[in-house]
Amino acid sequence: MNKRPSGEILFDVALVSDTHVNEKEDFSTSPYPANGEANPRARYVFQQINHGNAQFCIHLGDMVNPVPELPSYVDAADNFHQLAAELTMPLHLMPGNHDIGDKPVTWMPAGMVNSEHISLYRKHFGSDYFSFNHENCHFVIINSPLINSGDPAEKEQTDWLEADLASNAGKRIFLFSHYPVYVSDPSEPESYDNIDEPGRGWLLSLIDQYKPEALFSAHVHNFWYDLIGETEYYIVPSTCFVRHDYSEMYRIDGGSQQGRNDGAKLGHVTLKIYEHGHVAHYHRSYAECSKEGGPSAPPVVLRPHVKTTNIKNIFVDMRHAWTEELNVAPSGAVDEFRRKKARNDYPVMALWEMGLRGLRVPLQDLMDTATRRRMEIMFGIGHKFHIYRYGVPTKIEIETIKKHFSIIEELELVLGWETIDEQVSEIQFLKDETRLPIVLSRVNRNDASKTSGGKYNHLISHGFTIAEIPEITSFIRKNPLLLDGFQFTIPRSVNPWNAGRELQLFKNDTNCKPTLYVKSTEASPAQRFDDEITNAIRFSEALLSGIGFDIDIILDTFDDADRGYFTRTGLIDRRFNPRIAGQLISELIRQLDEGTWKAVESESPKVVDDKGNIMRIGTISEISKDAKWYDPQTGLSGDASNISEAASKLVVIRSR
């Protein structure tokens, strides 16, 4: 189902959630310091939003932290309005559980939604459910804590919502609910974080009937994405703190304040509405604060998005599970009496903001029902899947490939080169059956060295070397229509720019597509490659090689390999937060996504477009008088006159 937008951008909408504003500046009744910074963190985000072009802002609830039964609720509400007054656009609010009372949840001590809390909310924040139009789009705000409550107001909202959706069925509908209808599975049991039955089934039936373009929810202070039929479903982050019970999703320590202060997961959203479709851009605020009377927040860092990225020849090897569903342990806080299952969607969020469309995944991902569904959803967003397998697929695997071939970009076969002539007929059968491009990668050669530096090397290698091009060319001449491409692998000691130049010649000579697998490591599995800057340079030079020489590139490390063999840093860390390498890739893709670029005749990686613009990466000391720099970390840019403003050790450099 294609979810990539088309046409012009009609307008932007700012989305913010879970600000948890306190009754006093730099104070909270919560024991966590992150909550004490709620007000300046909200102020920072509002100031960032003002730099954009949003026509209006929607707050998805939990404007304040004190719940309705507390005396401090009124002061917190007043503080929120003072903070929000900085916004230079209309603001639409909806109730969260902190604003109007919890949904029916008998195991929690906080008060549930009731008529008294509804009246208090309306007095301080206005209507608790309503809708409005902007251009040909219809925006629907609901009071989700009310669902399943049995309060008389629930029936009023039910009747209103059903009538409102029916009378606006011809418009593009965007639905907003503080509580998620579910977190990662529509059949998941009730928890503190979702809407229980029968309300869940009722809301899902309305979504099925009226097919809103998108549903946005909050409350869980983390990110998830799904499809409900044709409806794109987002759960958006908080500006204030992370719900750190979900830190179970990362195989690493919780981090600051046991994960609650994981600043890279805080932020807000710009919803760009196109003539057809939309894009939700996530902006990380990194827990930054704006103090009263202090300097204003800078604009957001512009990032690409997979939905609109055109570059599609850069892939990343998804070694770790990228759709993993984990058990979240009872925390003793909001859920105590059963484990919660939750899918980790932070790998998806990271891919989106880097603009990385290509994923190299094992065939086992396609064979797994749950992972395959995620692949189908991500294909609709714009992702490309390079699927690999050691050996020829089985009959059952071939049938699965045939059934789902439309989401597969190409199939990589890892085979023994010494026996390749004996497997020609099997490869031809596979190609005829699946109708897929077949890329060949070889596994260890029998005559390959098994020692390195005097040490025995009992390890796997895959992919051809550049030195094997003559053998490959000879094979292509003998079997001209058998294979669509060959996969080459280079270790850390081989420069991806030089390898790309060689493979472009191979491509021109054979009319066969080369794929370059770029490793971050060398022969020894015990050697660590933790120099983040050096690794970032290698990833970036590999990308420039792919763009400049028009070949497919596979980067070998998405998230850090911080244990086991061949440890090294990746594009993101084990909390799935961006490293400088990921930020550089993001900025390069943003800069290179428009126009046609080719390699400059140079020993160092540079690409040039048809207007004479030259792009490369470097340090601030390499910026010449006529060059412009772009900081991938802060989004700032400049020239030689303001180099001191660059915060990153590596920048993208544009010159002529």
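Here the structure is a predicted model, which is why all the values come from computation and not from measurement.
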Original post:
Going through the distances and angles, do Arg172 and Glu213 end up as a salt bridge (charged side-chain N to carboxylate O under 4.0 Å, His left out)?
Top reply: CA-CA 6 Å; Arg172 296 169 65 184; Glu213 185 169 321; 2.8 Å; yes

Subject >> Asn327 atom CG, neighbour heavy-atom count above 12 within 6.0 Å >> reply: yes

Original post:
What are the two closest heavy atoms between Ile100 and His117, and how far apart are they?
Top reply: O-CB, 3.2 Å

**OP:** With sequence neighbours excluded, give me every side-chain hydrogen bond (donor to acceptor under 3.5 Å, both in side chains) pair touching residues 67-86.
**Re:** Gln47-Glu86

**OP:** Indicate the ring-plane relationship of Phe385 and His383, choosing parallel, tilted or perpendicular according to the 30° and 60° boundaries.
**Re:** tilted

**OP:** Salt-bridge test for Asp365 and Arg374: reply yes if a basic N is under 4.0 Å from a carboxylate O, no otherwise.
**Re:** no

Subject >> Under 3.5 Å donor-acceptor, Lys171 side chain and Asn168 backbone >> reply: no

Subject >> side-chain hydrogen bond (donor to acceptor under 3.5 Å, both in side chains) partners for Tyr32, two or more places apart >> reply: His244

Original post:
Taking the side chain from Asn344 and the backbone from Trp322, do they hold a donor-acceptor pair closer than 3.5 Å?
Top reply: no

Original post:
Below 4.5 Å, heavy atoms only, C-beta onward: do Val328 and Lys341 meet side chain to side chain?
Top reply: no

Original post:
Taking the six-membered ring where the residue is Trp, are the ring centres of Tyr182 and Tyr233 under 6.0 Å apart?
Top reply: yes

Subject >> Asp345 side chain vs Tyr225 backbone, donor-acceptor pair below 3.5 Å >> reply: yes

Subject >> Near-ring test Trp352/Tyr346, centroid separation under 6.0 angstrom >> reply: no

**OP:** For the residue pair Asn97 and Tyr192, establish whether any side-chain heavy-atom pair is separated by less than 4.5 Å.
**Re:** yes

Original post:
So with a 6.0 Å cut-off around CD of Glu135, is the heavy-atom count from everything else above 12?
Top reply: yes

Original post:
Between the main-chain N or O of Ala333 and the side-chain N or O of Ser331, is there a donor-acceptor pair closer than 3.5 Å?
Top reply: yes

Original post:
Is a side-chain donor-acceptor pair under 3.5 Å present for His268 with Gln48?
Top reply: yes

**OP:** Mind listing the closest non-hydrogen atom pair of Glu232 and Tyr234 along with its distance?
**Re:** OE1-OH, 3.2 Å

**OP:** Hey, can you tell me if Phe125 and Phe80 have their rings parallel, tilted or perpendicular (30° and 60° cut-offs)?
**Re:** perpendicular

**OP:** Tell me, yes or no, whether the heavy-atom count around Arg339 atom CZ, taken from other residues, nucleotides or ligands under 6.0 Å, exceeds 12.
**Re:** no

Subject >> N/O donor-acceptor pair under 3.5 Å between His386 side chain and Leu359 backbone >> reply: no

Subject >> Backbone of Gly382 reached by a side-chain donor or acceptor of Arg357 within 3.5 Å >> reply: yes

**OP:** Report the relative orientation of the aromatic rings in Phe132 and Phe139; use parallel for angles under 30°, tilted for 30 to 60°, perpendicular for over 60°.
**Re:** parallel

Subject >> Ala264 backbone acceptor or donor facing Arg284 side chain under 3.5 Å >> reply: yes

**OP:** For residues His92 and His134, establish whether the separation of their ring centroids is below 6.0 Å.
**Re:** no

Original post:
For Met63, does its backbone N or O pair with a side-chain atom of Asp99 as donor and acceptor, under 3.5 Å?
Top reply: yes

Subject >> Under 3.5 Å donor-acceptor, Asn39 side chain and Val21 backbone >> reply: no

Original post:
Quick one: does Asn261's side chain have a donor or acceptor within less than 3.5 Å of a partner on Phe241's backbone?
Top reply: no

